[in-house]
Amino acid sequence: MAPSADIAIEPIAPIEPPAPLAPLHALPPPFTDSNLEVLTQGAEALVYKTTFLTPATPCVVKYRPPKPYRHPTLDKRLTKTRLLAEARVLVRCRKEGVGVPGVLAGDWDNGWLVLEWIEGMTVRKVLDEWADKVKRGDKKEGDDEMLGVMRKVGRAVGRLHDIGVCHGDLTTSNLMLRQPSSSTEHASPLFQHRGHQTVSAMREAAMDGADGSEPSPPQPQSELDGDIILIDFGLVSQTIQDEDRAVDLYVLERAFSATHPAAEPLFQKILTSYGESFKGAKTVLRRLEDVRLRGRKRSMLG
Amino acid sequence: MIALGLEGSANKIGIGLISHPSSNKPPIVLSNLRHTYVSPPGEGFLPKDTAIHHRAWVVRLIKQAVRQAGVKIEDIDCICYTKGPGMGAPLQSVAVAARTLSLLWGKPLVGVNHCVGHIEMGRAITNASNPVVLYVSGGNTQVIAYSAQRYRIFGETLDIAIGNCIDRFARTLMIPNDPFPGYNVEQLAKKGKNLVDIPYAVKGMDCSFSGILAAADILAHSTNEALPDGKRLKTEDGEIVTREDLCFSLQETVFAMLVEITERAMAHVGSKQVLVVGGVGSNERLQQMMGMMARDRGGTVFATDERFCIDNGIMIAHAGLLEYKTGITTSLEDSTCTQRFRTDEVFVGWRD
């Protein structure tokens with residue numbers, strides 16, 4: 001029977017967006033459009049590659065544009081606190097010897113932060129390329145070289161947690177493997193003085209030597225020999241709670257299983273090396289078990 | 001196919017009849033009735049009184065809805081009701097009505113997740129194909145994206161819902177609850193101009209409102225007009241802060257938080273569409289802010305009007321009928337309701 005009182009639904013059209021105030025990729029001075037390469041557009045910030053001070057110094061500019069939807073007062077307040085928090089943590093990590101890009105300059109009123117350019121590729125890309133090679137039969141799964149990278153990742157995360165910093169968004173895209181040569185030969189001139197080593201850096205160096213489980217015979221330098229550099233500290237927090245640390249690891253685990261199906265043994269290597277990296281790491285690993293069970297969310301049942 | 005939907009998870013009882021013509025045609029709303037229990041200013045709706053209200057209205061509304069739709073009882077394929085989440089007593093009173101109808105008319109029951117109802121109705125009437133969904137209401141605050149047969153929660157409130165925050169703030173200021181507190185706060189906010197510092201609580205893709213409510217309530221007490229001039233809250237320029245300014249500040253702050261977590265979810269899943277559903281979604285300022293965010297990302301915002309934003313029976317009928325068509329019904333023994341029922345517990349069998 002045909003219904004008599006048809007009220008066919010008129011589709012409700014999308015909201016007409018208000019006219020834009022300013023063109024998107026326009027950085028405040030001293031930056032210019034020339035020599036600007038867009039790297040990513042995150043929710044929070046636009047990330048560009050450009051040069052700083054000299055045309056030969058590549059750098060990353062992380063620009064938090066004013067959000068037109070936010071009240072200007074609120075926007076200024078948020079941009080300032082977040083930018084400063086990120087810069088402070090980066091400076092602190094650097095001082096403590098954790099692998100992070102150096103802070104070159106910043107302006108919280110205009111919302112930009114200039115960071116050292118890291119030559120290399122993300123661990124995500126490293127894993128992808130590795131998976132391709134495994135598929136072609138050039139390399140085998142669980143190769144020592146790859147396990148070495150994972151060991152370095154575990155240690156780098158351990159060092160970060162050791163100094164009371166949690167990354168907040170630890171994914172394989174936010175971990176970089178620096179090109180081996182760049183740390184010695186072509187390092188940014190602004191960061192060439194690596195004179196004073198901190199206690200923790202020396203401890204790390206000592207652990208490198210002491211780690212006998214993976215014998216490292218002198219090999220031709222491989223592309224996987226570089227240091228691990230942690231990037232994107234936009235969601236960073238300074239905390240020493242096991243819960244926060246465990247959530248960091250859980251996020252990394254999820255990122256692993258999502259992007260690399262055969263990642264299980266590799267991630268195990270990260271955890272082992274993490275567990276040896278600082279006092280208290282073992283309790284974090286136990287906490288990780290709980291976090292896994294509950295997932296990111298409480299189930300809201302009962 | 002025709003479904004009858006019964007919704008009563010909060011202070012509104014909604015009865016709707018929807019018809020899904022043969023595939024690839026938009027659904028037809030046959031009737032969509034609603035009655036709201038309004039509590040006096042300064043008070044919220046209590047579960048017991050709300051349940052009494054629903055029981056008093058359910059029969060009248062169903063009769064009227066069926067008459068308005070012009071369908072015979074035998075044309076109805078299934079009875080859909082809200083299984084949860086929501087307030088216990090109101091949910092139960094409507095579930096009892098649904099069971100009674102099911103036995104009386106001999107029709108199968110379908111228990112529907114309230115959140116999924118909102119999402120599916122929003123998708124159906126805006127034609128948004130695969131949006132990031134911001135579901136904001138008196139009881140829920142979630143950022144949702146669809147993936148592999150589930151509506152996954154990317155971010156949500158860690159404590160109270162956004163609508164709850166606004167409603168309770170309205171109670172502190174003794175703002176009337178008719179037609180609903182959020183609407184009255186919105187009207188007052190339009191006259192406000194000074195932004196007062198209120199905490200901003202976003203953590204990753206989650207947010208928190210309880211601290212904001214506490215802070216706003218404290219501020220509200222110092223805007224009391226009975227206070228002597230010296231004790232009134234003032235801005236940096238020495239201007240007296242009014243109720244309107246507080247409503248404005250609260251809206252600006254909490255909506256900025258919502259837009260931010262939505263933007264983060266969009267960046268994460270790489271989507272260009274946003275769909276805003278739920279009662280708070282009818283706020284024009286929120287829609288405007290969302291529009292500005294989407295514009296800068298090259299995306300579009302879909303929002304619905306108060307007929308479909310605010311709790312209604314038609315969305316329950318729609319989502320229930322979608323589920324019914326995949327062959328799923330709720331047996332009488334299982335036709336319970338629950339106050340806690342997460343969006344990602346529902347298997348979405350009707351989408352690819």
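Note that the structure is predicted; figures quoted are calculated from it, not measured. In what follows, every chain begins at residue 1, and chains take the letters A, B, ... in the order their sequences are listed. The figures here come from the full heavy-atom set of this structure, side chains too, leaving out hydrogens, waters and symmetry mates.
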*chain A: which of B:Gln339, B:Arg285, B:Glu260, B:Lys25 shares the most heavy-atom pairs with it under 4.5 Å?*
B:Glu260
_Pairs of heavy atoms under 4.5 Å with chain A: top-ranked of B:Ile198, B:Thr262, B:Val301, B:Thr126_ = B:Val301
For [X], I'd like to know if atom [atom1] has over 12 heavy atoms of other residues, nucleotides or ligands within 6.0 Å.
X        : atom1 : result
B:Lys190 : NZ    : yes
A:Arg124 : CZ    : no
A:Ile240 : CD1   : no
B:Glu284 : CD    : no
A:Lys80  : NZ    : no

*Taking 4.0 angstrom as the limit, do B:Glu263 and A:Arg70 come out as a salt bridge?*
no
Value rounded to 0.5 Å, distance of [atom1] in [X] from [atom2] in [Y]:
X        : Y        : atom1 : atom2 : result
B:Met292 : A:Lys67  : CE    : NZ    : 12.5 Å
A:Asp75  : B:Leu195 : CG    : CG    : 11.0 Å
A:Thr73  : B:Glu236 : OG1   : CD    : 9.0 Å

Can you tell which part of [X] gets under 4.5 Å to a heavy atom of chain A, answering side chain, backbone, both or neither?
X        : answer
B:Gln273 : neither
B:Ala256 : both
B:Ala294 : neither

*asked:* Applying salt bridge (Lys or Arg N to Asp or Glu O under 4.0 Å) to A:Arg77 and B:Glu252, what does each step give before you reach the verdict?
replied: CA-CA 13 Å; A:Arg77 193 179 107 203; B:Glu252 289 297 313; over 6 Å; no
*Considering only heavy atoms from C-beta outward, does the side chain of B:Arg264 approach that of A:Asp169 to under 4.5 Å?*
no
_Does any backbone or side-chain atom of A:Leu74 lie under 4.5 Å from a heavy atom of chain B? Answer side chain, backbone, both or neither._
both
_Among B:Phe248, B:Tyr200, B:Phe255, which residue satisfies the ring pair (Phe, Tyr, Trp, His ring centres under 6.0 Å) criterion with A:His71?_
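One option only clears the test, and that one is B:Phe248.
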